[in-house]
Protein chains: 2
Amino acid sequence: MAVVSPKKVSSAGHAACCAPLAEGPLSEGESIQLALVLAALADPVRLRLLSIIATSGEVCSCNLEEPVGRSQSTISHHTRVLAEAGLIVGKKHGRWTWWRIVPEQFATVSRFLVGSKPRSTVRPR
Amino acid sequence: MAVVSPKKVSSAGHAACCAPLAEGPLSEGESIQLALVLAALADPVRLRLLSIIATSGEVCSCNLEEPVGRSQSTISHHTRVLAEAGLIVGKKHGRWTWWRIVPEQFATVSRFLVGSKPRSTVRPR
DNA sequence: TCCTGACATTGACATCTGTCGATCTGAACG
DNA sequence: CGTTCAGATCGACAGATGTCAATGTCAGGA
């Protein structure tokens with residue numbers, strides 16, 4: 001994933017945009033946007049964090065370290081990546097940050113992946 | 001993506017398995033499997049290749065280099081990654097390899113991402 | 001006002017990944 | 001056979017990523 005640098009784009013927003021994969025070739029820009037969100041999803045620890053948050057509805061960071069067995073700073077790093085990808089949002093309650101899923105972002109990515117049915121056929125040159 | 005090594009698992013099969021994210025915490029194994037497929041998707045060049053293949057129905061490698069502007073060896077690398085993730089399959093016709101989408105694998109991943117609705121709420125400790 | 005606890009940030013490090021040029025392999029065709 | 005061509009593999013390299021320990025920040029409670 002050389003081209004995609006999450007640091008540059010502070011948030012992928014809800015704009016992982018564009019039409020399903022089979023609706024026509026993706027532009028370079030569209031593919032970079034989508035890859036950003038998919039890259040945030042493509043880590044075992046982050047997937048487990050997401051499943052915990054999605055299952056619980058709302059969780060504070062303090063309840064995330066133990067189940068995945070990573071240090072506090074690592075968890076903080078991962079929640080940041082997920083938040084920048086627009087997959088979760090955090091709300092501060094006193095000392096704690098409560099995280100919850102942003103279903104719309106998941107739906108957007110999901111919409112891309114379905115409808116990837118073959119259509120016509122192109123002969124090789 | 002430190003833990004996921006596509007080289008070790010020759011194919012992710014159609015077993016990116018398990019229930020939707022919100023159906024309960026993912027096991028470590030499940031998360032690694034899913035991350036494998038998502039990592040294959042999380043690259044702009046591979047997304048564009050997929051969109052080209054999905055749009056065309058069936059394409060030979062020789063028609064993939066030019067649209068994405070990468071060398072032959074790089075394309076070969078990417079098609080390999082996609083094939084190992086079970087997202088495409090290649091069939092040899094004489095000298096050419098024809099690639100096509102495996103819709104089931106996309107559906108499997110997609111099924112994970114939807115249904116990620118918040119449910120109950122967990123109090124911080 | 002000072003301490004404590006919850007997170008964020010930083011720095012360092014080993015590992016992984018995308019890319020290319022060069023080389024290898026194996027099918028088609030004289 | 002020997003040549004040609006599609007595509008796989010190899011070797012190298014720059015840049016990205018996951019991880020942790022250490023340190024910074026800032027809200028609440030004593």
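By convention in this document, chain letters (A, B, ...) are assigned in the order of the sequence lines, proteins followed by strands, and residues within each chain are numbered from 1.
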Side-chain N,O (A/H77) to OP1/OP2 (C/dC7) below 4.0 Å: no

Value in whole Å for how far the P atom of C/dG18 lies from CD of A/E28: 15 Å

Listed nucleotide nearest any side-chain atom of B/C60, set C/dC20, D/dT19, D/dG7: D/dG7

Length of the CD-C1' vector between A/E66 and C/dA6, whole Å: 17 Å

Length of the CD-P vector between A/E65 and D/dA21, whole Å: 12 Å

Closest listed nucleotide, where the reference is the side chain of B/W96 and the choices are C/dG18, D/dT19, D/dA6: D/dA6

Distance-only donor-acceptor test, B/S76 side-chain atoms vs D/dA6 base atoms, 3.5 Å: no

Distance-only donor-acceptor test (3.5 Å): side chain B/Q72, base D/dA8: yes

Minimum-distance nucleotide to B/R95 side chain [options: D/dG18, C/dA27, D/dA21]: C/dA27

Chi angles and distances behind the side-chain contact (heavy atoms from CB on, under 4.5 Å) call for B/I88, B/I101: CA-CA 4 Å; B/I88 61 175; B/I101 293 290; 4.2 Å; yes

Sugar-phosphate only, base, or nothing, as touched by B/T74 at under 4.0 Å among non-hydrogen atoms: base

Distance in angstrom units between A/L49 CG and D/dG18 P, rounded: 12 Å

Check: B/W99 and B/L49 side chains under 4.5 Å, non-hydrogen atoms: no

Minimum-distance nucleotide to A/S73 side chain [options: C/dC7, D/dT19, D/dA21]: D/dA21

Test log, rule side-chain contact (heavy atoms from CB on, under 4.5 Å), inputs B/V114 and A/F106: CA-CA 6 Å; B/V114 294; A/F106 284 82; over 6 Å; no

Among D/dG7, C/dC20, D/dG18, the one nearest B/S61 by side-chain distance: D/dG7

Whole-Å distance separating the NE2 atom of B/H78 from the P atom of D/dA8: 13 Å

Criterion side chain to side chain donor-acceptor pair (under 3.5 Å) against A/H78, the qualifying member of A/R48, A/R46, A/R70: A/R46

Phosphate-side-chain proximity, A/R80 and C/dC7, N/O vs OP1/OP2 below 4.0 Å: no

For atom CG of A/L82 and atom P of C/dC7, their distance in whole Å: 16 Å

5' priority, DNA chain D, between A/I75 and A/H93 [closest heavy atom]: A/I75

Under 3.5 Å donor-acceptor, A/T79 side chain and A/I75 backbone: yes

Interatomic distance where CZ belongs to B/R70 and P belongs to D/dG7 [whole Å]: 19 Å

Closest-nucleotide 5' rank along DNA chain D - winner of B/T97 and A/G69: B/T97

Distance in angstrom units between A/R48 CZ and D/dG18 P, rounded: 16 Å

